[in-house]
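To keep things clear, I will list the structure first and then write my remarks on it.
Side chains are part of it too, since the values below use all heavy atoms of this structure and drop only hydrogens, waters and symmetry mates. The shown structure was predicted, so the numbers you read here are calculated from the model rather than taken from an experiment. Note on naming: letters A, B, ... go to the chains in the order of the sequence lines (proteins, then strands), and numbering restarts at 1 for each one.
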2 protein chains.
Amino acid sequence: MTTIHDVARVAGVSISTVSYALSGKRSVSASTRQRIQDAVRELDYRPNAGARMLAGRRTYILAVTEPLRADTYAPAHMAFVLAVTRAARRHDYDVLLLTQDEASGGLQRVTSSRLVDAIVVLDVLTHDERADIVRALDIPAVLVGVPADTSGLVCVDLDFAQVARMAVDRLVEAGHTTVGLLGHQSSAYDGGSNFPPRLRDAFLAHAAERGVVGRFAMPERDPGQVGSAVDELLGPDADLTGLVMHCEEPLQVRALAALRARGLRVPQDVSVISAASTFDTSMFTPPLDSIPLVADESCELAVELALAQLDGTVRPTVELLPPHYLDLGSVADWSA
Amino acid sequence: MTTIHDVARVAGVSISTVSYALSGKRSVSASTRQRIQDAVRELDYRPNAGARMLAGRRTYILAVTEPLRADTYAPAHMAFVLAVTRAARRHDYDVLLLTQDEASGGLQRVTSSRLVDAIVVLDVLTHDERADIVRALDIPAVLVGVPADTSGLVCVDLDFAQVARMAVDRLVEAGHTTVGLLGHQSSAYDGGSNFPPRLRDAFLAHAAERGVVGRFAMPERDPGQVGSAVDELLGPDADLTGLVMHCEEPLQVRALAALRARGLRVPQDVSVISAASTFDTSMFTPPLDSIPLVADESCELAVELALAQLDGTVRPTVELLPPHYLDLGSVADWSA
DNA sequence: AATTTTTATCGAAGCGCTTCGACGGTTTTG
DNA sequence: CAAAACCGTCGAAGCGCTTCGATAAAAATT
């Protein structure tokens, strides 16, 4: 193993000079720095992680807690884990993965053993024990998602309410007067996740504000019941012309099939918007307008806020990212 | 922060005695051990990770590399990451996640900085650069999956060939004489993954050995073409009576729908076996016999082999785990 | 020219742990 | 019963790094 001593010897300087040259925390003359960098390259030197953790005040490791429960939609969650990992690497951090079984114990463990510098909490539930844990833990933490009680927490999330308003506005401005929201399976609304209700409530409220009829339906027990949820939205007179979907990919596929099966064309008969989707709606038939849930953006911000807490203090905050509308032609203009 | 010094002081012993009491590497009298454990509990002492890494010869961290490419089926891969993480925790190890972008560089980095004790490589391709990297790296590593060249490597995997044989045997013994295998999308066979061809080849070979007609088909470009693949398997005379499916969940669902659409009942008209499935086939309608791909089992073994390399030397090996047949009644006995 | 300030470097003190060698005190053994 | 073996404990030496003075030399200020 090559150590900082080897580098110092080869460069003909003391180890502290090597350390300063590499960290940049004190000035080092250009020529010396050059010799040190040459030595580093020649020896393929990489600082020992353990030593750096012990001596310095940083471990350069971030804990990511993602429960990965059985009922979660893996692709979306995976995307967030990935996005955090990439964001972390951009800041020279590695990611330690904490899962379900380790939710509370793991957070305690990695915190008190000083294994990680900060924690990123993914897949946050409305009432999430991990929120209480990080609150108590005195370690920089950022939640991606918004729990019921955000006091003392730093949270980052897409502005789901704004997504709903944006979708409603788009449809209203295109002349639609009856709009519906197809939601997740009902279990998503009573148990846990915080964002489905946020989007739903804003949808219905904003439809009312804009003076149009707003409906909401969800597949009751299993995805097979998308059909009846679609029927419910269409209404007895089949007068729905604007459909917003906030659910997982397979459900959206089936909902489109259900429309097709009922002889309804998109966008001629029904305009459709995919809201807060984590997948690519341009591959759908037809491609759907969407207001995507971009994991990269929120995770980058989450990592930044987590690391920012290590030096300058970041005060508790809830950062809601503004959504962006992606127009792919699945909304027909009826206003003319 | 509470350190080993605090524990030593409270227990009234030296720090080395504390260390030995906790590691068990030298004998400590029962009474002393008790006092030390009491102190540990009272102070909620957790050894500093960095110090342990530096002083000891272990970091208690395992690197897991899982590319998570865009084309991968997230749930299955997620399951493996999870399974490794859980297995690691059982051995008191944490897991550091390395993704796509970091495949080679990341492995180098965590190895030469002594951040991890060993590496578990997931989602191994037939020709996988990571195989070459770990071969060169002089760090304990285990691949979950079997690359083309296994020299010098420790590999763990389900015995996919045996899965195929088991499925064929089951159908043959139930009296079926024409059996088909519905594979993954064609891209899975030419590019990368190593196991689809292994299963396919063994399927066809073993069908021939057992003297039955063996067919193979896959959805050509996209999942929508499952229907034609099913038709291809059924054959012009629709004489297929045994179907083995080795593909992802949505594909299997659609294939069953395709059978239904053609008026074929399971198992009365066609017997079906789900091979190497990572999902629960008991929730299907009808529930399908399966020979599951159990992530837990292979990942536990992978972690064990990885850690075993840290002391006693494990010689290079390819461990193929025997499959197990799960009977849920989707194979009809035609032999009577 | 004498002083202060800045710059570049070094030595040494830890960070919290593991582990080696040593040392009394007990047991066992010949 | 002396010698050898073992047991339980301790002190101290690192592990490889960061960081805090200190110091000598160079630059800037009087």
If I take atom CZ in residue A:R33 and atom C1' in nucleotide C:dT9, what distance separates them, rounded to the nearest angstrom?
13 Å
Axis deviation across the helix from C:dA1-D:dT30 to C:dG30-D:dC1, five-pair ends, to the nearest 10°:
30°
Among C:dT18, C:dT19, D:dG16, which nucleotide has an atom closest to any side-chain atom of A:T3?
D:dG16
Given B:N194, which partner from the list B:L143, B:D157, B:D128, B:L125 fulfils the side chain to side chain contact (heavy atoms under 4.5 Å, CB included) test?
B:D157
Side-chain N or O of A:S29 less than 4.0 angstrom from OP1 or OP2 on C:dA8?
no
Choose from D:dT19, C:dT19, D:dT18 the nucleotide whose nearest atom is closest to any side-chain atom of B:S19.
C:dT19
Closest to the B:R26 side chain: D:dG8, D:dC20, C:dC20?
C:dC20
When the nearest nucleotide of DNA chain D is assigned to B:R35 and to A:R52 on a heavy-atom basis, which residue is associated with the more 5' position?
B:R35
Given D:dG8, D:dG11, C:dA8, identify the nucleotide with an atom nearest to the side chain of B:S16.
D:dG11
Candidate nucleotides D:dT18, D:dG8, D:dA12, ranked by approach to the side chain of A:A55 - the nearest:
D:dT18
In whole angstrom, give the distance that lies between atom CZ of A:R57 and atom P of D:dT18.
12 Å
Closer than 4.0 angstrom, basic N to acidic O: yes or no for A:R9 and A:D6?
yes
Contact between A:V81 and B:T99 at the side-chain level, heavy atoms closer than 4.5 Å - yes or no?
no
As a test of reading the structure: which of C:dC17, C:dT9, C:dG14 is closest to the side chain of A:T17, going by heavy atoms?
C:dT9
Closer than 4.0 Å, any side-chain N/O of A:K25 to the OP1 or OP2 of D:dT18?
no
On DNA chain D, compare the nucleotides closest to B:L54 and B:I15; which residue's is nearer the 5' end?
B:I15
Taking only N and O in the side chain of A:T32, is any of them less than 4.0 Å away from OP1 or OP2 of C:dT9?
yes
Taking B:D44 first and then B:R46, would you say they form a salt bridge - that is, a charged N and a carboxylate O separated by under 4.0 Å?
yes
Take the angle between the ring planes of A:F160 and A:F195 and call it parallel below 30°, perpendicular above 60°, tilted in between.
parallel
Rounded to whole angstroms, how far apart are CZ on B:R9 and P on D:dG11?
15 Å
In terms of side-chain geometry, is the basic nitrogen of A:D149 or A:R135 positioned less than 4.0 Å from the acidic oxygen of its partner?
yes
What is the distance, rounded to the nearest whole Å, between atom OH of B:Y60 and atom P of C:dG16?
19 Å
Interatomic distance, A:I4 CD1 vs D:dC15 P [rounded to whole Å]:
14 Å
Closer than 4.0 angstrom, basic N to acidic O: yes or no for B:R58 and B:D311?
yes
May I have the distance from A:L22 (atom CG) to D:dT19 (atom C1'), rounded to whole angstrom?
14 Å
Could you state the atom-to-atom distance from CE of A:M53 to P of D:dG16 in whole Å?
15 Å
Should B:D94 and A:R109 count as an ion pair when the cut-off is N to O under 4.0 Å?
yes
B:Y20 vs B:N48, nearer the 5' end of DNA chain C by closest nucleotide:
B:N48
